[in-house]
Amino acid sequence: MINPIALSVNIGNLELRNPILLASGTVGYGYEIAKFLDFSKVGGIITKSLSLKPRKGNKPQRIVETTAGMLNAIGLANVGVEEFILSKIPFLETLDTKIICNIAASSIDEYAECVRMLNDQKVIAAFEINISCPNVKDGGLIFGNDLSSVTKITSKLRAVTNKPLIIKLSPNVSNISDFARAAKENGADAVSAINTLVGAAFDIKTKKPKLANITGGLSGPAIKPIAIAKIFEISRKVDIPIIGIGGISNCDDLIEFLIAGASAIQLGTINFVNPFSANIILDDLNKYCIQNKINKITDLTASYKL
Amino acid sequence: MINPIALSVNIGNLELRNPILLASGTVGYGYEIAKFLDFSKVGGIITKSLSLKPRKGNKPQRIVETTAGMLNAIGLANVGVEEFILSKIPFLETLDTKIICNIAASSIDEYAECVRMLNDQKVIAAFEINISCPNVKDGGLIFGNDLSSVTKITSKLRAVTNKPLIIKLSPNVSNISDFARAAKENGADAVSAINTLVGAAFDIKTKKPKLANITGGLSGPAIKPIAIAKIFEISRKVDIPIIGIGGISNCDDLIEFLIAGASAIQLGTINFVNPFSANIILDDLNKYCIQNKINKITDLTASYKL
Amino acid sequence: MNQYFCKITSNRFITKNTFILECECPDLVNIIKPGQFCNIKVSDNLVPLLRRPFSISDVQNKNISFMISLHGKGTEILASKKEGEYLDILGPLGNGFDYTSNDFSKAIIIAGGIGIAPFPYLIKKLKVLNISFECYLGFRNNTEIINEGITKYSVATDDGSFGVNGNIIDLLKKELVYNSGYKLFACGPTPMLKAVQKFAADNNYNCEISTESAMACGFGICQGCPIESTHQDDHFMLVCKDGPVFNSRDVKL
Amino acid sequence: MNQYFCKITSNRFITKNTFILECECPDLVNIIKPGQFCNIKVSDNLVPLLRRPFSISDVQNKNISFMISLHGKGTEILASKKEGEYLDILGPLGNGFDYTSNDFSKAIIIAGGIGIAPFPYLIKKLKVLNISFECYLGFRNNTEIINEGITKYSVATDDGSFGVNGNIIDLLKKELVYNSGYKLFACGPTPMLKAVQKFAADNNYNCEISTESAMACGFGICQGCPIESTHQDDHFMLVCKDGPVFNSRDVKL
Ligand SMILES: Cc1cc2nc3c(=O)[nH]c(=O)nc-3n(C[C@H](O)[C@H](O)[C@H](O)COP(=O)(O)OP(=O)(O)OC[C@H]3O[C@@H](n4cnc5c(N)ncnc54)[C@H](O)[C@@H]3O)c2cc1C
Ligand SMILES: Cc1cc2nc3c(=O)[nH]c(=O)nc-3n(C[C@H](O)[C@H](O)[C@H](O)COP(=O)(O)OP(=O)(O)OC[C@H]3O[C@@H](n4cnc5c(N)ncnc54)[C@H](O)[C@@H]3O)c2cc1C
Ligand SMILES: Cc1cc2nc3c(=O)[nH]c(=O)nc-3n(C[C@H](O)[C@H](O)[C@H](O)COP(=O)(O)O)c2cc1C
Ligand SMILES: Cc1cc2nc3c(=O)[nH]c(=O)nc-3n(C[C@H](O)[C@H](O)[C@H](O)COP(=O)(O)O)c2cc1C
Ligand code: FES
Ligand code: FES
């Protein structure tokens, strides 16, 4: 027996029918995956990071498999805000799930401009701000690892939109909770964590980096313990809703993220391996809640016993 | 045909017969592993982190397996410097390999005191300074993530010893090369990288952390791409010998670390899985060098082609 | 695209390094096209994590088959699969060859090494449509020759141990009788495809090439498989979605 | 300690969740002692990464066997192993039971669930030495009862579906005739060992318990398996090296 009410979660004003979201960069603009995934069972999707102008992205090779993970250096290939509004929004409006729009930019003004241009789009339920992309020189990580940038970006964007504002944090820092606090104090409704960790791989035959960009972002099951530690750190130190990301591949992982402090989670790399994961995990989550007599999924958030 | 000369590497004054070392905390004080590993084929071993006084270490549970990795929170359980000199040094003197003594302390003075007490021990070929243990509250990581501490510790220890001084860096920072530079500028002969990444895991049945210490250090194949990126970053930015560590499980991994910038490497977690790894990898390295007509293993260091 | 759990009906080596993995997939046989591929999870372990892409090689009754060359860990695991085990497949993926357009008089099939994988199925379809064809195959040496499901072929080997001594272009130059109405269909390693691309351009052939790229998803959501377009400079095309088959005029290799 | 690659000679389930995995290891049969264990790499994949510790359960001719209860991924993989496959084993590890000291008149074997694993081999050795013994076994219910290699036993089940209704202590209190010269040998889950420890202390029995701990290396280099000593407060003992068998007086559970 499925009880949808028990699974809904609120992130600021953002009401999600269940805590399972699809992570930015692993669901495109929803089009391909909509052909087979039942979106009515998905909490929401976060669209591929958008920049003001279209970006071509990095040359191949953009991805490398690693042990229980992968490196990517896509380089924020995206259609740009204008084309997004023109050609992607109409399709997104047809989807029966919450649409969260992820923005990545190379300057604080560009972030603000993107949000301003997109703010009127009804279908956009929230903004997720990518300040932590490790794969482009001129954007993202330089902000994500710098506390004052996070402060500035958050407060500037808060002034531009009333929609829920989610800051996506970089794990490549010593104390992620400082960044979560900066986000909170400057008006963010939630943080999402973690983005990928900087990694690299070399081909021992050619001695060349396996990625054209040399370094890339590490994702997948390999990074899960790191994500759990980061989320737990934020949960202990800062009172802000956390959207957990990093290596989730099944329902047990999801539960572990909620226990560690997350209010909702995002599936990333696993969408490539099993594009039906979101639906499967929801079924398992329903079973788990029935078996464990969980009435409200929100009861699990930060339910760790120390 | 084995040509031992081709495999030797120098780290400052420290001459190693080959680049394969066994990492601190994964070889104890050499005793157990000496029973079956042929040390005459090992470049050196780094003894378990020593503190001035003995430490009992953390309560169980101290280790958890993760996907392609493990978390540990041993809590620097060790016999203390005095007992080490009394009961461990005599055995270490019988071993046919270089002994590198790893020190972890809770204050800069304690680091200095440890090194001072151990400095006369002939069998100690070098010191490795652990400023990056994530598993005790009062030592290690608080230094490892703070640039000025690294500066102070290195310069203070440089004044105390003429033996090769290796600073073991924390990966839990945004820019590891800043720390390598601080080590170099204050007289370190080399850096080793990386120590473990902070991670955690929760038991979804009990909702308790799986480790008594809550968080632990993530090691094993899962972290290899992160280690490679950190080593590459140091190699590009700072001119100091690097001892590479992190997820190495076979000879190909070793080669990749050398290409990325390492002069030597340490085997950690893999010693638990296959305690004969150091010997097996050396055999494979010999084969690799013959097949690829490598005359000097040092030619591989930082041989990346960008 | 859908996910299928297919029972393996046979798995056999045809050369030292190449095997044919056949499985039951009644749903796919009717919809999959020559040149399309499937993305296979080689085991339910998290290592290797990603699926592995393989061209559909042939279709017989309810069965589809893959022709696979040993490469690394993933293909090794696939080689060890036994009859009766199950395969986790996503497919059909990609576009496939354009062989039904009736704008050519003969299909010239050009394959390098394991690049012959997609052609048994293409040939089967060509036969059904009564389209004539000729095959030109290049291998490193005579131990690597694969001709499973291939007819009307000429062979070149790099070391001359079988057929023409030389590469595939040498073979084409030597044996292909020019006719501007022919259409080329090529698959093989990228350096070979580059050479075929140039050969086609030089001789003004209509030519389709099946390209390869590292892939994560295989269906267009990860942007992991870019390929440069000759027409648009502002974005990459995707091998998995816009390809893997491209007209050789349309891509920069 | 050494590493052995042992050919599996049989693998069979004895209850729904328990199986006996037997393999050929002529080198180990002569040196391994009851209560010692081996650390097994369940597959050559990096997941699961760590070895899994299992007590030696029995020794027959050139073969050693393990009695294994399904727990998680690692034991599941072991359960799927087939005759003829190879097992990567490190052993012998740990100390083993002290049953040769001639200071007791009867061995009282106490096992909870899969805790019976080490006892078939101990019993075999006791028989050789003509030492008498009695076994007290506790299980959750009658479907989980294991008696492979065990003789002279009484059973308790938590739900009373077989034997005495209650736990192992209830069984001991009911059926064990007191004799201060008896020595207890116990293995099972930690709560049970705690109860046995108290039972032994209350009744002044000499008692050895085989303890469990998470382990990485299994031979003393990782410090991953601490156990609190009752005598020294300044350091932990190690289950893998100082144990897994301890006198129940010596450890805090
Ligand atoms: C559309 C398409 C169709 C293909 N069809 C066939 C076929 O029919 N028969 C066949 O034998 N091979 C085919 N390949 C190549 C095949 O996918 C690789 O040989 C295989 O993925 C290697 O996996 P591995 O684990 O054995 O090698 P590893 O080297 O261990 O793989 C490591 C990673 O690199 C990727 N990789 C390695 N080589 C290639 C490659 N050549 N192309 C793409 N990714 C690669 C793997 O997918 C994996 O992610 C095809 C590739 C593509 C893109
Ligand atoms: C000295 C010793 C002897 C043992 N003898 C036996 C035996 O003869 N028969 C038997 O069935 N079991 C025995 N066990 C327990 C057995 O090791 C675990 O059941 C097994 O490791 C579980 O692995 P898994 O992958 O199936 O479970 P998972 O839960 O997936 O394992 C995850 C991790 O936890 C560890 N772990 C889980 N449970 C235990 C446990 N109870 N003890 C130690 N580590 C654990 C695993 O080793 C692994 O590292 C023994 C344990 C020890 C320490
Ligand atoms: C191929 C790929 C592309 C990604 N692109 C983006 C992106 O555009 N914006 C972003 O914020 N995160 C991006 N990410 C990061 C994911 O959203 C997620 O934070 C990360 O992969 C960790 O989750 P996982 O381990 O479940 O994949 C990308 C990840 C991958 C693997
Ligand atoms: C169980 C365990 C204990 C460790 N103890 C220490 C230690 O005492 N001092 C230290 O500097 N590093 C210690 N380390 C870190 C290792 O030396 C090494 O830096 C890390 O494990 C990464 O390498 P690996 O992935 O090859 O294991 C320990 C690691 C493990 C797994
Ligand atoms: S492989 Fe993911 S987009 Fe092509
Ligand atoms: S398991 Fe490593 S010391 Fe005991």
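Predicted model only: the values in this text are computed from it and were never measured. First the proteins, then the strands, lettered A, B, ... as listed; each starts at 1.
- With rounding to the nearest 0.5 Å, the separation of SG in D:C222 from CG in B:N72 is 8.5 Å.
- Across every non-hydrogen atom of B:V273 and D:R51, the tightest pair is O-NE, 2.5 Å.
- Counted within 6.0 Å of CD on D:E76, heavy atoms from surrounding residues, nucleotides or ligands total 12 or fewer; the atom is thus considered open.
- Residue D:F13 qualifies as enclosed at atom CZ: its count of foreign heavy atoms under 6.0 Å is above 12.
- The distance from the CD1 atom of B:I74 to the CZ atom of D:F236 is 11.0 Å, given to the nearest 0.5 Å.
- Between chain D and the options B:V64, B:T26, B:I270, B:N271, the largest number of non-hydrogen pairs under 4.5 Å is found for B:T26.
- Heavy-atom pairs under 4.5 Å with chain D were tallied for B:G30, B:G69, B:G57; the largest tally goes to B:G69.
- The shortest distance between side-chain heavy atoms of D:E228 and B:K56 falls below 4.5 Å.
- Counting non-hydrogen atoms of neighbouring residues, nucleotides and ligands closer than 6.0 angstrom, the CD atom of B:E82 reaches no more than 12 such neighbours.
- Between B:F276 and D:N2, the closest side-chain pair of non-hydrogen atoms falls below 4.5 Å.
- The structure places NZ of B:K224 at 9.5 Å from CG of D:L46, a figure rounded to the nearest 0.5 Å.
- Of the atoms belonging to D:D233, heavy atoms from both backbone and side chain fall under 4.5 Å from chain B.
- For D:L90, the part sitting under 4.5 Å from any heavy atom of chain B is the side chain, from C-beta outward, and nothing else.
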_Step-by-step side chain to side chain contact (heavy atoms under 4.5 Å, CB included) determination, D:K241 to B:E32_ = CA-CA 10 Å; D:K241 210 177 81 167; B:E32 291 80 12; 2.6 Å; yes
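- Note on D:N45, D:V47, D:I221: by heavy-atom pairs under 4.5 Å with chain B, the leading option is D:I221.
- Contacts between B:P54 and chain D at a heavy-atom distance below 4.5 Å are absent for every atom of the residue.
- Annotation: the span from D:C217 atom SG to B:I33 atom CD1 amounts to 8.5 Å, rounded to 0.5 Å.
- For a residue to count as touching a neighbouring chain, one of its non-hydrogen atoms must lie under 4.5 Å from one of that chain's; by this rule B:V27 touches chain D with the backbone only.
- Summarising the local packing, OH of B:Y31 is surrounded by 12 or fewer heavy atoms from other residues, nucleotides or ligands at distances under 6.0 Å.
- Here the CD atom belonging to B:Q61 is positioned 7.0 Å from the OG atom belonging to D:S213, to the nearest 0.5 angstrom.
- Dense packing is recorded around CG of D:D202, with more than 12 heavy atoms of other residues, nucleotides or ligands lying under 6.0 Å away.
- Counting heavy atoms from C-beta outward, B:P221 and D:L49 have side chains that approach closer than 4.5 Å.
- Atom NZ of D:K81 is surrounded by more than 12 heavy atoms from other residues, nucleotides or ligands within 6.0 Å.
- Salt bridge D:K73/B:E65: absent, no basic N to carboxylate O contact under 4.0 Å.
- In this structure the side chain of D:Q223 reaches within 4.5 angstrom of the side chain of B:R62, judged on heavy atoms.
- For B:F36 and D:F219, the distance between ring centers is under 6.0 angstrom.
- No more than 12 heavy-atom neighbours from other residues, nucleotides or ligands sit within 6.0 angstrom of NZ on D:K33.
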